[in-house]
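Data first, discussion second: the structure below is written as structure tokens.
When a ligand or atom number is given, it counts from 1 through the structure's own listing order. Throughout, residue positions are numbered sequentially from 1 according to the sequence presented. Just so it is clear, the structure is predicted and the values come from calculations on it, not from any experiment.
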Amino acid sequence: MAAKILDGKATAQSLRQEQAQRVAALQARGITPGLAVVLVGENPASQTYVRNKERACQAVGIYSEVHRLPQSTSQQELLGLIAGLNADPKIHGVLVQLPLPEKLDEEQVILAIRPDKDVDGFHPENAGKLLLGQEAFIPCTPRGILVLLERAGIPVAGREVVVVGRSNIVGKPAGLLLLAQNATVSVCHSRTANLAEHTRRADILVVAVGKPGFITADMVRPGAVVVDVGINRVGDRLVGDVDFEGVSQVAGWITPVPGGVGPMTISMLLENTLEAAERLASA
Ligand code: GUN
């Protein structure tokens, strides 16, 4: 294998110590940072993600509460819960796990979260601020990618970055963040013509499409940095959007799945929750 591993698990672990110290500093001022997570329905992947978020909070001393609601929950019930969490002084961050059951209106739910508790960074106010380069909560996965690159000493400024995927959660904010770091950014998607011509130009390739093994070795420039955001269950294995075995022969750096971007997403959720609590403490 030619590629070096971009180890998200180890990076998240080392950040955890700094985060525990920040929790202790807040507690010394009488503030325990608190996160509320709302999970509607029984999506198995969402259940796993929420459990991992809960455990990570525990590990650094952040108070967390998980509201598990049945699939049959109405929009009004969900909005009522969010209103309560918005007003609850124990809670500094509110996160509604996506996707929601189809009959619920995701856009309206995100809009109901107080922007200063929106630790996912999905509220239009935070998304707009990110676009304009103003201080905002930054979505956890894109922020995790940036920190992972930074901690590995991989420069971004002036480099060709290709993002594959244009979701509101990953692709779009990742493109904006990397642009703000002075990368030259292309965002590709399902309608991109000649995708491989774009991906082969990338110094840094970020892939978030949700298709197992979508990026193959012939689509990657030798020595490129490959960041795989995908988490796909294939049989009893978790695999990314990148064909790890093939691509790791040509890439310079690669994130594994699991153990790459996933732990960084959770680490950035803790980071955003700490920031929310710290803002309150200095208000
Ligand atoms: N579903 C997949 N990723 C995320 C995330 O980062 N936040 C929320 N709330 N839901 C998700």
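Closest protein heavy atom to atom 7 (N) of ligand 1: D120 OD1, 3.1 Å. Atom 10 (N) of ligand 1 has as its closest protein heavy atom L98 N, 3.0 Å. Ranking the protein heavy atoms by distance from atom 11 (C) of ligand 1 puts Q97 NE2, 3.4 Å first.
A donor-acceptor pair under 3.5 Å is formed between the side chain of E77 and the backbone N or O of S74. Under the 3.5 Å distance criterion, the side-chain polar atoms of D203 are matched with a main-chain donor or acceptor of E160.
A side-chain donor-acceptor contact under 3.5 Å links Q97 and K53. At a cut-off of 3.5 Å, with distance as the only test, no side-chain donor of Q47 or E42 sits close to an acceptor on the other residue.
In terms of N/O distances under 3.5 Å, ligand 1 is not approached by I169. At under 3.5 Å, not a single nitrogen or oxygen of P99, backbone or side chain, sits near a nitrogen or oxygen of ligand 1. Distances between N or O atoms of Y49 and those of ligand 1 include no value under 3.5 Å.
Residue contacts with ligand 1 for L95 involve side-chain atoms from C-beta outward but no N, CA, C or O (heavy atoms, distance under 4.0 Å). The backbone of V96, and not its side chain, has at least one atom closer than 4.0 Å to an atom of ligand 1 (non-hydrogen atoms only; backbone = N, CA, C, O).
In summary, of the residues considered (V250, I254, V225), a side chain to side chain contact (heavy atoms under 4.5 Å, CB included) with V220 occurs for V250 alone.
Counting Ile, Leu, Val, Met, Phe, Trp and Tyr side chains that sit under 4.5 Å apart, directly or through other members, F137 shares a hydrophobic cluster with V23, L26, I31, L35, V37, L39, V50, V60, I62, V66, L95, V119, L269, L270, L274.
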